[in-house]
A.B. asks: 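What follows is a single structure, and I will ask about it in a moment.
All values derive from a computational prediction rather than experimental measurement. Hydrogens, waters and symmetry mates play no part in the numbers below; they use all other heavy atoms, side chains included. Per chain, numbering begins at 1; letters A, B, ... match sequence-line order.
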There are 2 protein chains.
Amino acid sequence: MGGFGDRTAGGRDSLPTYRTRVEKEWLDYNGHMNEAFYLLAFSRATDVLLDAIGIDAGYREEMHCSVYTVETHICYLEEVGFGAPLRVQVRLLGHDAKRLHVWSEMLREDLRTVLSTAEMVMIHVDASIPSAAPFPRETAERVEVLWAAQRHLPWPERAGRSIRPII
Amino acid sequence: MGGFGDRTAGGRDSLPTYRTRVEKEWLDYNGHMNEAFYLLAFSRATDVLLDAIGIDAGYREEMHCSVYTVETHICYLEEVGFGAPLRVQVRLLGHDAKRLHVWSEMLREDLRTVLSTAEMVMIHVDASIPSAAPFPRETAERVEVLWAAQRHLPWPERAGRSIRPII
(Lines give C-alpha, C1' and ligand atoms only; values in the text may rest on other atoms or scores of the structure.)
Protein backbone atom coordinates (compact mmCIF):
# COMPACT_ATOMS: atom_id res chain seq x y z
CA MET A 1 0.00 0.00 0.00
CA GLY A 2 2.94 2.36 -0.46
CA GLY A 3 4.63 4.40 2.22
CA PHE A 4 6.50 7.61 2.74
CA GLY A 5 9.35 6.34 4.85
CA ASP A 6 11.92 7.33 2.26
CA ARG A 7 10.28 10.63 1.40
CA THR A 8 10.43 12.18 4.84
CA ALA A 9 13.58 10.50 6.05
CA GLY A 10 15.60 13.71 5.73
CA GLY A 11 13.73 15.61 8.39
CA ARG A 12 12.10 12.77 10.25
CA ASP A 13 14.07 12.83 13.48
CA SER A 14 13.30 16.47 14.11
CA LEU A 15 9.53 16.25 13.53
CA PRO A 16 7.10 16.56 16.46
CA THR A 17 6.20 12.97 17.32
CA TYR A 18 3.51 11.24 19.36
CA ARG A 19 4.01 7.65 20.50
CA THR A 20 1.32 5.32 21.79
CA ARG A 21 0.01 1.75 21.61
CA VAL A 22 -3.35 0.60 20.29
CA GLU A 23 -5.70 0.34 23.30
CA LYS A 24 -8.38 -2.30 23.75
CA GLU A 25 -11.12 0.33 23.62
CA TRP A 26 -9.90 1.41 20.18
CA LEU A 27 -10.74 -1.90 18.49
CA ASP A 28 -13.85 -2.43 16.40
CA TYR A 29 -15.78 -5.60 15.63
CA ASN A 30 -13.16 -6.59 13.07
CA GLY A 31 -10.50 -6.71 15.80
CA HIS A 32 -8.63 -3.78 14.28
CA MET A 33 -8.27 -0.18 15.37
CA ASN A 34 -11.50 1.65 14.54
CA GLU A 35 -11.21 4.49 12.04
CA ALA A 36 -12.07 7.10 14.70
CA PHE A 37 -9.14 6.13 16.92
CA TYR A 38 -6.64 6.59 14.14
CA LEU A 39 -7.90 10.18 14.25
CA LEU A 40 -7.63 10.30 18.05
CA ALA A 41 -3.94 9.44 17.72
CA PHE A 42 -3.56 12.07 14.97
CA SER A 43 -5.34 14.60 17.21
CA ARG A 44 -2.93 13.93 20.06
CA ALA A 45 -0.01 14.23 17.66
CA THR A 46 -1.14 17.67 16.55
CA ASP A 47 -1.22 18.61 20.24
CA VAL A 48 2.50 17.80 20.30
CA LEU A 49 2.99 20.18 17.38
CA LEU A 50 0.86 22.86 19.08
CA ASP A 51 2.90 22.46 22.27
CA ALA A 52 6.01 23.06 20.15
CA ILE A 53 4.69 26.48 19.11
CA GLY A 54 3.58 27.35 22.61
CA ILE A 55 -0.13 26.62 22.25
CA ASP A 56 -0.41 24.53 25.40
CA ALA A 57 -2.68 24.38 28.44
CA GLY A 58 -1.17 27.52 29.95
CA TYR A 59 -1.58 29.44 26.70
CA ARG A 60 -5.21 28.38 26.34
CA GLU A 61 -5.99 29.42 29.91
CA GLU A 62 -4.16 32.71 29.83
CA MET A 63 -5.03 33.87 26.30
CA HIS A 64 -8.52 32.36 26.01
CA CYS A 65 -7.39 31.22 22.58
CA SER A 66 -7.09 27.76 21.08
CA VAL A 67 -6.73 26.01 17.74
CA TYR A 68 -9.61 24.14 16.14
CA THR A 69 -9.54 21.68 13.27
CA VAL A 70 -11.89 22.71 10.48
CA GLU A 71 -11.14 20.11 7.81
CA THR A 72 -9.42 16.71 7.76
CA HIS A 73 -8.58 14.18 5.07
CA ILE A 74 -7.51 10.71 6.21
CA CYS A 75 -6.12 7.81 4.17
CA TYR A 76 -6.23 4.37 5.80
CA LEU A 77 -3.44 2.23 4.38
CA GLU A 78 -2.96 -0.66 6.81
CA GLU A 79 -4.92 -2.33 9.57
CA VAL A 80 -3.45 -2.44 13.03
CA GLY A 81 -4.35 -4.57 16.04
CA PHE A 82 -4.33 -4.44 19.83
CA GLY A 83 -1.14 -3.34 21.51
CA ALA A 84 0.66 -2.34 18.35
CA PRO A 85 3.17 0.47 18.96
CA LEU A 86 2.41 3.55 16.88
CA ARG A 87 4.41 6.61 16.04
CA VAL A 88 2.74 9.69 14.57
CA GLN A 89 4.95 12.36 13.05
CA VAL A 90 3.61 15.82 12.28
CA ARG A 91 4.78 18.64 10.05
CA LEU A 92 3.54 21.87 8.58
CA LEU A 93 2.66 22.04 4.90
CA GLY A 94 1.95 25.75 5.17
CA HIS A 95 0.46 28.47 7.35
CA ASP A 96 -0.81 32.02 7.34
CA ALA A 97 -1.59 34.56 10.08
CA LYS A 98 -4.23 32.36 11.71
CA ARG A 99 -4.19 28.96 9.98
CA LEU A 100 -1.98 25.88 10.03
CA HIS A 101 -1.91 23.31 7.23
CA VAL A 102 -0.76 20.13 8.98
CA TRP A 103 0.40 16.78 7.62
CA SER A 104 0.69 13.66 9.83
CA GLU A 105 1.87 10.16 9.14
CA MET A 106 1.15 7.21 11.41
CA LEU A 107 3.94 4.66 11.27
CA ARG A 108 4.61 1.30 12.78
CA GLU A 109 7.40 1.50 15.31
CA ASP A 110 9.76 0.05 12.66
CA LEU A 111 9.30 3.41 10.82
CA ARG A 112 8.99 1.59 7.49
CA THR A 113 5.25 0.99 7.27
CA VAL A 114 2.89 3.95 6.94
CA LEU A 115 -0.43 2.90 8.47
CA SER A 116 -2.37 6.06 7.77
CA THR A 117 -1.99 9.70 6.78
CA ALA A 118 -3.95 12.76 7.88
CA GLU A 119 -4.08 16.24 6.37
CA MET A 120 -5.70 18.97 8.43
CA VAL A 121 -6.49 22.65 8.38
CA MET A 122 -6.50 24.19 11.85
CA ILE A 123 -7.61 27.70 12.77
CA HIS A 124 -6.55 29.84 15.71
CA VAL A 125 -9.67 30.99 17.56
CA ASP A 126 -10.11 33.66 20.23
CA ALA A 127 -12.80 32.20 22.47
CA SER A 128 -13.54 35.58 24.04
CA ILE A 129 -14.90 36.97 20.73
CA PRO A 130 -15.45 34.07 19.66
CA SER A 131 -13.89 34.19 16.22
CA ALA A 132 -10.83 33.26 14.20
CA ALA A 133 -7.95 35.47 15.25
CA PRO A 134 -4.30 35.89 14.19
CA PHE A 135 -1.62 34.15 16.24
CA PRO A 136 -0.04 36.53 18.76
CA ARG A 137 3.44 37.71 17.76
CA GLU A 138 5.40 35.25 19.90
CA THR A 139 3.39 32.30 18.60
CA ALA A 140 3.70 33.50 14.99
CA GLU A 141 7.47 33.64 15.45
CA ARG A 142 7.52 30.06 16.71
CA VAL A 143 5.43 28.99 13.72
CA GLU A 144 8.02 30.64 11.47
CA VAL A 145 10.85 28.75 13.17
CA LEU A 146 9.04 25.44 12.68
CA TRP A 147 8.19 26.35 9.09
CA ALA A 148 11.80 27.29 8.31
CA ALA A 149 12.88 23.82 9.50
CA GLN A 150 10.19 21.94 7.56
CA ARG A 151 9.36 23.89 4.42
CA HIS A 152 11.98 22.11 2.35
CA LEU A 153 10.65 18.62 3.08
CA PRO A 154 9.13 16.97 -0.01
CA TRP A 155 5.42 17.52 -0.61
CA PRO A 156 3.59 14.33 0.44
CA GLU A 157 2.16 12.30 -2.41
CA ARG A 158 -1.25 12.03 -0.74
CA ALA A 159 -1.64 15.69 0.28
CA GLY A 160 -4.46 17.59 -1.42
CA ARG A 161 -6.42 14.45 -2.26
CA SER A 162 -10.14 14.49 -2.84
CA ILE A 163 -12.58 11.61 -3.11
CA ARG A 164 -13.67 11.14 -6.73
CA PRO A 165 -17.15 10.07 -7.73
CA ILE A 166 -17.50 6.31 -8.23
CA ILE A 167 -19.37 5.80 -11.47
CA MET B 1 -21.50 28.22 8.61
CA GLY B 2 -24.03 27.02 6.04
CA GLY B 3 -26.05 23.85 6.27
CA PHE B 4 -27.73 21.29 4.08
CA GLY B 5 -31.06 21.05 5.86
CA ASP B 6 -32.91 22.28 2.82
CA ARG B 7 -30.85 20.35 0.30
CA THR B 8 -31.53 16.88 1.66
CA ALA B 9 -34.99 17.54 3.03
CA GLY B 10 -36.62 15.58 0.23
CA GLY B 11 -35.20 12.23 1.20
CA ARG B 12 -34.19 12.94 4.76
CA ASP B 13 -36.77 10.88 6.60
CA SER B 14 -35.87 7.72 4.73
CA LEU B 15 -32.11 7.96 5.22
CA PRO B 16 -30.30 5.55 7.56
CA THR B 17 -29.89 7.50 10.79
CA TYR B 18 -27.83 7.15 13.97
CA ARG B 19 -28.84 9.06 17.10
CA THR B 20 -26.66 9.65 20.13
CA ARG B 21 -25.64 12.26 22.70
CA VAL B 22 -22.18 13.72 23.25
CA GLU B 23 -20.54 11.68 26.02
CA LYS B 24 -18.23 13.08 28.69
CA GLU B 25 -15.31 11.02 27.37
CA TRP B 26 -15.72 12.66 23.96
CA LEU B 27 -14.80 16.17 25.18
CA ASP B 28 -11.39 17.73 24.74
CA TYR B 29 -9.61 20.39 26.73
CA ASN B 30 -11.72 23.08 25.05
CA GLY B 31 -14.87 21.52 26.52
CA HIS B 32 -16.16 20.58 23.07
CA MET B 33 -16.44 17.24 21.32
CA ASN B 34 -12.98 16.20 20.16
CA GLU B 35 -12.51 15.85 16.40
CA ALA B 36 -12.02 12.08 16.68
CA PHE B 37 -15.41 11.52 18.31
CA TYR B 38 -17.24 13.27 15.52
CA LEU B 39 -15.73 10.46 13.43
CA LEU B 40 -16.77 7.82 15.96
CA ALA B 41 -20.37 8.98 15.55
CA PHE B 42 -19.96 8.94 11.75
CA SER B 43 -18.47 5.44 11.98
CA ARG B 44 -21.47 4.20 13.95
CA ALA B 45 -23.80 5.85 11.45
CA THR B 46 -22.19 4.00 8.56
CA ASP B 47 -22.79 0.81 10.56
CA VAL B 48 -26.50 1.65 10.38
CA LEU B 49 -26.18 1.95 6.61
CA LEU B 50 -24.23 -1.33 6.43
CA ASP B 51 -26.92 -3.05 8.53
CA ALA B 52 -29.46 -1.80 5.99
CA ILE B 53 -27.68 -3.68 3.20
CA GLY B 54 -27.25 -6.81 5.29
CA ILE B 55 -23.61 -6.31 6.30
CA ASP B 56 -24.15 -6.94 10.01
CA ALA B 57 -22.55 -9.09 12.71
CA GLY B 58 -24.09 -12.29 11.33
CA TYR B 59 -22.86 -11.51 7.83
CA ARG B 60 -19.34 -10.78 9.03
CA GLU B 61 -19.21 -14.03 10.99
CA GLU B 62 -20.74 -16.25 8.33
CA MET B 63 -19.08 -14.75 5.24
CA HIS B 64 -15.72 -13.74 6.77
CA CYS B 65 -16.22 -10.49 4.91
CA SER B 66 -16.49 -6.92 6.13
CA VAL B 67 -16.32 -3.35 4.90
CA TYR B 68 -13.31 -1.13 5.64
CA THR B 69 -12.99 2.61 5.27
CA VAL B 70 -10.04 3.56 3.09
CA GLU B 71 -10.44 7.34 2.80
CA THR B 72 -12.38 9.99 4.73
CA HIS B 73 -12.86 13.73 4.38
CA ILE B 74 -14.42 15.58 7.31
CA CYS B 75 -15.60 19.20 7.57
CA TYR B 76 -16.11 20.58 11.07
CA LEU B 77 -18.72 23.34 10.96
CA GLU B 78 -19.91 23.84 14.53
CA GLU B 79 -18.69 23.02 18.02
CA VAL B 80 -20.86 20.86 20.22
CA GLY B 81 -20.77 20.30 23.98
CA PHE B 82 -21.52 17.63 26.56
CA GLY B 83 -24.92 15.95 26.34
CA ALA B 84 -25.95 17.52 23.05
CA PRO B 85 -28.26 15.25 21.07
CA LEU B 86 -26.85 14.36 17.67
CA ARG B 87 -28.41 12.87 14.59
CA VAL B 88 -26.22 11.48 11.80
CA GLN B 89 -27.85 10.74 8.45
CA VAL B 90 -26.10 8.64 5.84
CA ARG B 91 -26.55 8.20 2.11
CA LEU B 92 -24.77 6.73 -0.86
CA LEU B 93 -23.13 9.03 -3.39
CA GLY B 94 -22.20 6.09 -5.58
CA HIS B 95 -20.98 2.51 -5.59
CA ASP B 96 -19.44 -0.19 -7.74
CA ALA B 97 -19.03 -3.95 -7.38
CA LYS B 98 -16.97 -3.68 -4.20
CA ARG B 99 -16.95 -0.03 -3.11
CA LEU B 100 -19.36 2.37 -1.43
CA HIS B 101 -19.07 6.15 -1.67
CA VAL B 102 -20.80 7.36 1.48
CA TRP B 103 -21.94 10.83 2.57
CA SER B 104 -22.92 11.63 6.16
CA GLU B 105 -24.21 14.78 7.83
CA MET B 106 -24.22 15.31 11.58
CA LEU B 107 -27.13 17.49 12.66
CA ARG B 108 -28.36 18.98 15.85
CA GLU B 109 -31.57 17.32 16.93
CA ASP B 110 -33.46 20.37 15.57
CA LEU B 111 -32.35 19.15 12.09
CA ARG B 112 -31.53 22.70 11.04
CA THR B 113 -27.89 22.99 12.06
CA VAL B 114 -25.27 20.86 10.30
CA LEU B 115 -22.43 20.31 12.76
CA SER B 116 -20.14 18.31 10.52
CA THR B 117 -20.00 16.37 7.26
CA ALA B 118 -18.06 13.23 6.37
CA GLU B 119 -17.35 11.71 2.97
CA MET B 120 -15.97 8.18 2.90
CA VAL B 121 -14.89 5.47 0.52
CA MET B 122 -15.47 2.00 1.92
CA ILE B 123 -14.28 -1.28 0.42
CA HIS B 124 -15.74 -4.73 0.83
CA VAL B 125 -13.00 -7.10 1.98
CA ASP B 126 -12.89 -10.89 2.14
CA ALA B 127 -10.84 -11.56 5.27
CA SER B 128 -10.18 -15.16 4.24
CA ILE B 129 -8.06 -14.04 1.24
CA PRO B 130 -7.53 -11.23 2.56
CA SER B 131 -8.34 -8.86 -0.26
CA ALA B 132 -10.97 -6.55 -1.69
CA ALA B 133 -13.83 -8.66 -3.05
CA PRO B 134 -17.13 -7.94 -4.83
CA PHE B 135 -20.30 -7.85 -2.75
CA PRO B 136 -22.16 -11.16 -2.90
CA ARG B 137 -25.28 -11.08 -5.13
CA GLU B 138 -27.79 -10.58 -2.35
CA THR B 139 -25.82 -7.69 -0.86
CA ALA B 140 -25.29 -6.10 -4.28
CA GLU B 141 -29.05 -6.20 -4.82
CA ARG B 142 -29.65 -4.43 -1.50
CA VAL B 143 -27.09 -1.79 -2.45
CA GLU B 144 -29.02 -1.26 -5.68
CA VAL B 145 -32.28 -0.81 -3.79
CA LEU B 146 -30.69 1.79 -1.52
CA TRP B 147 -29.05 3.49 -4.49
CA ALA B 148 -32.33 3.65 -6.41
CA ALA B 149 -33.91 5.46 -3.46
CA GLN B 150 -31.05 7.93 -2.99
CA ARG B 151 -29.44 8.57 -6.37
CA HIS B 152 -31.71 11.50 -7.15
CA LEU B 153 -30.84 13.44 -4.00
CA PRO B 154 -28.86 16.61 -4.72
CA TRP B 155 -25.06 16.33 -4.77
CA PRO B 156 -23.76 17.78 -1.48
CA GLU B 157 -21.95 21.09 -1.81
CA ARG B 158 -18.98 19.86 0.23
CA ALA B 159 -18.52 16.47 -1.45
CA GLY B 160 -15.27 16.00 -3.36
CA ARG B 161 -13.45 18.70 -1.42
CA SER B 162 -9.70 18.76 -1.08
CA ILE B 163 -7.49 20.85 1.18
CA ARG B 164 -5.73 23.56 -0.83
CA PRO B 165 -2.21 24.73 -0.10
CA ILE B 166 -2.05 27.77 2.18
CA ILE B 167 0.40 30.21 0.63
A.B. asks: Test of understanding: clusters of I, L, V, M, F, W, Y form through side-chain heavy atoms closer than 4.5 Å, transitively. Do A:Leu92 and A:Ile123 belong to the same one?
C.D. replies: no
A.B. asks: Would you compute the distance between atom OG1 of A:Thr72 and atom OH of B:Tyr38 and round it to the nearest 0.5 angstrom?
C.D. replies: 11.0 Å
A.B. asks: Taking atom CD of B:Glu61 as the centre, does the number of heavy atoms from other residues, nucleotides or ligands within less than 6.0 Å exceed 12?
C.D. replies: no
A.B. asks: Look at the side-chain heavy atoms of Ile, Leu, Val, Met, Phe, Trp and Tyr, link any pair under 4.5 Å apart, and say whether A:Val67 and A:Val70 land in one connected group.
C.D. replies: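 In one cluster: no.
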A.B. asks: Which atom pair, heavy atoms only, marks the closest approach of B:Tyr29 to A:Asp47?
C.D. replies: OH-OD1, 2.6 Å
A.B. asks: Pick one of side chain, backbone, both or neither for A:Tyr68, based on which atoms fall under 4.5 Å of a heavy atom in chain B.
C.D. replies: side chain
A.B. asks: Pick whichever of A:Leu93, A:Val121, A:Asp28 has the most heavy-atom pairs under 4.5 Å with chain B.
C.D. replies: A:Val121
A.B. asks: So what's closer than 4.5 Å to chain A heavy atoms on B:Asn30: side chain, backbone, both or neither?
C.D. replies: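 For B:Asn30, the contact with chain A is made by the side chain alone.
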A.B. asks: Atom CE in B:Met122, atom CD in A:Glu35: separation rounded to 0.5 Å?
C.D. replies: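 Rounded to the nearest 0.5 Å, the CE-CD separation comes out at 5.5 Å.
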A.B. asks: Return the CD1 to CD distance between A:Ile163 and B:Glu119, rounded to the nearest 0.5 Å.
C.D. replies: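 The distance works out to 4.0 Å.
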A.B. asks: Testing the basics here: between B:Gly160 and A:Ser162, what is the closest heavy-atom pair and its distance to 0.1 Å?
C.D. replies: O-CB, 3.2 Å
A.B. asks: Treat each ILVMFWY residue as a node, draw an edge where side-chain heavy atoms are under 4.5 Å apart, and state whether A:Trp26 and A:Phe82 are in one component.
C.D. replies: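 Cluster IDs for A:Trp26 and A:Phe82 match.
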A.B. asks: Report which part of A:Asn34 has an atom under 4.5 Å of a heavy atom belonging to chain B: side chain, backbone, both, or neither.
C.D. replies: side chain
A.B. asks: Measuring heavy-atom distances to chain B, does A:His95 have an atom under 4.5 Å in its side chain, in its backbone, in both, or in neither?
C.D. replies: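 Looking at A:His95, just its backbone touches chain B.
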A.B. asks: Between B:Leu40 and A:Phe37, what is the shortest heavy-atom contact and its length?
C.D. replies: CD1-CE1, 4.0 Å
A.B. asks: Using non-hydrogen atoms and a 4.5 Å limit, figure out which bit of A:Phe42 sits close to chain B: side chain, backbone, both or neither.
C.D. replies: neither
A.B. asks: Do B:Leu39 and A:Ile74 make a side-chain contact, defined as non-hydrogen atoms from C-beta onward lying under 4.5 Å apart?
C.D. replies: yes
A.B. asks: Under 4.5 Å between side-chain heavy atoms, counting indirect links through other Ile/Leu/Val/Met/Phe/Trp/Tyr residues: same cluster for A:Leu100 and A:Val125 or not?
C.D. replies: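 Not linked; separate clusters.
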A.B. asks: Looking only at heavy atoms, which two atoms of A:His101 and B:Ile166 are closest? And how far apart?
C.D. replies: CB-CD1, 3.8 Å
A.B. asks: Name the region of B:Arg60, side chain, backbone, both or neither, that has any atom closer than 4.5 Å to a heavy atom of chain A.
C.D. replies: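 Contact with chain A is through the side chain of B:Arg60 alone.
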A.B. asks: If you count every heavy atom of other residues, nucleotides or ligands that lies below 6.0 Å from B:Glu138 atom CD, does the total exceed 12?
C.D. replies: no
A.B. asks: If you take all heavy atoms of A:Cys75 and B:Glu71, which pair is closest and at what distance?
C.D. replies: SG-OE2, 4.0 Å
A.B. asks: With a 4.5 Å cut-off on heavy-atom pairs, point out which of B:Ser66, B:Ala41, B:Ser116, B:Ala36 contacts chain A the most.
C.D. replies: B:Ala36
